Amino acid sequence: MQVQIETISPEKTQADALAVICFEAPDGQAQAPAVASASTPDPVVAAQSGWLAELRSSGEFTGKLYESAILHRPEGVAAKRLVVIGGGKREKFSSVEARRIAGTLARSLKSKGLRSVALLIEDLDLAAAATEGAILGAWEADKYKTDPKKNEKQIESFTIVVPGADPSGLQTAAEKGRIVAEAQNFTRDLVNEPPNRLTPAVLVDAAKGMAAELGLQCDVLDQDAMTQLGMGALLGVAQGSSNPPFLIAIKYAPPVNSGADHLALIGKGVTFDTGGISIKPSEGMEKMKYDMAGAAAVIGAMQAIGHLKPAIPVTGYIPTVENMLNGNAQRPGDIVTSLSGKTIEVLNTDAEGRLILADAITYANRNGATHIVDAATLTGAIGVALGHYNMGAFTNDQPLLESFMTASRTAGEKAWQLPLEEEYKEYLKSAFADLPNIGGRHGGSITAAWFLKEFADPTPWVHLDIASTAWLDDGKAWMSKGPTGVAVRSFVQLAMDWKSAG
Ligand code: BES
Ligand code: MN
Ligand code: ZN
């Protein structure tokens, strides 16, 4: 699908459909799109007022968010159809809704067999978000379906029409939106791979391939190198699988680097999580292929960062293992020595993510990270606490968390801070080692984060628990079911907006 932003007048746009956003009026009736209320009369507006009045009086369209109506052969418009899509309340309309509306159009018009779509949008920021939405909406989780007809219905051209905008600003906005959304789709492709096809070694190949295309350095530690270094926490998890583990480091260096900051992005890369000897129930276990969604988000973000070239150096670290059980598998009761020197009593082999992240965080610290953000499908408990709409965010450094939250909001993703106070450390006591790998029954996501903090301190660090946001069980109008690619946009925005304050 080609996505472009253009300044041409909407009524002259040739397309199978021209979509316009109409808002809900205070009385629940549809309000004309923004261009219709502009002072310059234009033909599309004139035509619109007639049909809009009709749609309103018939009660078929009220402007409610994502509601839609299709008019054929609209008068005064070159496009074959006019799609009226609800924008909700105008004062609540933001880039979040613009992104979803574009995604909804891409999905619904694709399924109707339309090939070219234009969407009228009022301003540039919204247009960049709409570009993302269209690309994200068009993505499907059907790679392994062999139906020869599956690609017959495709939108070939999606044009975002922004009348009167500055063309150079437009190209930059379109380009950024496209790069970020394609990176997010790349992440979704990786997460969507089944666990027999995406092993740690295959994830390494994907990272290397992406890095080579962008001229990024990509270094990989294999099992021997990690044994040499003493990454006992990571290796303990990997030892029950015949697919060997790796630690990937993808490095982006800015063209001009004036600051001392060095951002590390770390992603949990468990390509399949059986739970190990503390085995998971079989129901739903197939979903544990998405236990590498943090890793995939880091790889996707590094791809976008390589294109967009922020001013700060960024290294993406990906510890990748398979959590399996064989005769050599780690046992509950094992005590491992992590890279940091701290000993860990493995009370539950299913709390493996924190074990591999502990060594990756120590490794990032030793390799010059001044700020760390990790993303991990770490705990089922985060879904109990926050549901499916917010990532859980934890920190040992409030200013870094605030920067992250701002970036995340700008990028249209949602994160909610959970506490990481001293009291919670009480839950993490081991009788026989420095730390246990699980806490008690309460605050499961918090004890997992506390465990990571022990390895991150004193480096400013943010931990994102994406276990409940990285996978959609039921598709949305604007997004297919399956992997969401969450955290990619926040990561990229954080790097792009980085302010070296120390
Ligand atoms: N990968 C899981 C967490 C998870 C659960 C991700 C559901 C996505 C959906 C993680 O490794 C895990 O097993 N966590 C345990 C921790 C427990 C043993 C303390 C959990 O959440 O049950
Ligand atoms: Mn687990
Ligand atoms: Zn896991």
Side-chain angles (χ1 to χ4, degrees), residues 191-192 195 198 200 203 233-234 236-241 245 266-297 318-325 329-334 344-360 374-392 394 418 424 427-430 435-452 463-473 481-487:
V191 177
N192 191 48
L198 192 128
L203 193 61
L234 187 156
V237 177
Q239 77 192 28
S241 169
I266 306 185
K268 171 178 172 181
V270 176
T271 61
F272 194 69
D273 182 11
T274 64
I277 298 293
S278 316
I279 196 164
K280 287 184 181 296
S282 55
E283 193 181 327
M285 203 201 272
E286 72 283 355
K287 269 178 66 185
M288 281 302 115
K289 70 170 187 177
Y290 90 87
D291 214 14
M292 37 60 74
I318 294 135
T320 179
V321 306
E322 191 181 37
N323 190 21
M324 294 284 279
L325 5 49
Q330 169 159 271
R331 295 145 289 248
D334 282 3
I344 303 162
E345 184 182 11
V346 179
L347 292 175
N348 188 317
T349 63
D350 196 13
E352 84 297 339
R354 62 198 79 179
L355 293 170
I356 70 168
L357 287 167
D359 280 347
D374 80 72
T377 46
L378 206 61
T379 66
I382 201 66
V384 178
L386 294 177
H388 297 105
Y389 303 110
N390 275 279
M391 322 180 236
F394 303 81
L418 279 94
Y424 290 99
Y427 293 155
L428 264 189
K429 291 260 158 75
S430 163
L435 284 167
N437 77 329
I438 53 167
R441 235 165 56 77
H442 303 290
S445 304
I446 301 176
T447 44
W450 237 110
F451 181 93
L452 298 180
H463 158 59
L464 304 172
D465 195 330
I466 59 169
S468 64
T469 44
W471 189 269
L472 260 183
D473 281 322
K481 92 172 243 170
T484 61
V486 74

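Each residue takes its place number in the sequence, starting with 1. Just so it is clear, the structure is predicted and the values come from calculations on it, not from any experiment. Just follow the structure's listing: the first ligand is 1, and inside any ligand the first atom is 1.
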Is there a donor-acceptor contact under 3.5 Å from the side chain of [X] to the main chain of [Y]?
| X | Y | result |
| --- | --- | --- |
| Ser445 | Thr379 | no |
| Asp359 | Leu234 | yes |
| Ser278 | Asn348 | no |
| Tyr290 | Ala467 | yes |
| Lys289 | Pro195 | no |
| Asn437 | Ala351 | yes |
| Ser241 | Ala238 | no |
| Arg354 | Leu378 | no |
| Thr349 | Ile277 | yes |

What N, O or S atom of Glu352 is found closest to the Zn ion (ligand 3)? OE2
Could you identify the N, O or S atom of Asp273 positioned closest to the Zn ion (ligand 3)? OD2
Report the part of [X] (side chain from C-beta onward, or backbone N, CA, C, O) that has a heavy atom under 4.0 Å from ligand 1; answer both or neither where that applies.
| X | result |
| --- | --- |
| Tyr290 | side chain |
| Arg354 | side chain |
| Lys287 | neither |
| Leu378 | backbone |
| Lys268 | side chain |

Taking [atom] as the reference point, the nearest protein heavy atom with its distance:
| atom | answer |
| --- | --- |
| atom 7 (C) of ligand 1 | Met288 CE, 3.7 Å |
| atom 2 (C) of ligand 1 | Asp273 OD2, 3.5 Å |
| atom 20 (C) of ligand 1 | Gly380 N, 4.0 Å |

If the cut-off is 4.0 Å to any non-hydrogen atom of [X], which atoms of ligand 1 fall inside it?
| X | value |
| --- | --- |
| Glu352 | 11 (O) |
| Ala467 | 6 (C), 8 (C) |
| Asp350 | 10 (C), 11 (O), 12 (C), 13 (O), 14 (N) |
| Ile438 | 19 (C) |
| Asn348 | 18 (C) |

N-O pairing of Lys280 and Asp350 below 4.0 Å: yes
Hey, is Lys268 close enough to Asp374 for a salt bridge, meaning N to O under 4.0 Å? no
Can you tell me if an N/O/S atom from Asp291 lies under 2.8 Å from the Zn ion (ligand 3)? yes
If the cut-off is 2.8 Å, does any N/O/S atom of Val270 fall short of it from the Zn ion (ligand 3)? no
Verify atom 22 (O) of ligand 1: protein non-hydrogen atom under 4.0 angstrom away: no
The Mn ion (ligand 2) to Asp273: any N/O/S contact under 2.8 Å? yes
Per residue Glu352, nearest N, O or S atom to the Mn ion (ligand 2) is named OE1
Please determine whether side chain to side chain donor-acceptor pair (under 3.5 Å) holds for the pair Thr274 and Asn323, giving the CA-CA distance in whole Å, both sets of side-chain angles, and the decisive distance to 0.1 Å. CA-CA 6 Å; Thr274 64; Asn323 190 21; 5.0 Å; no
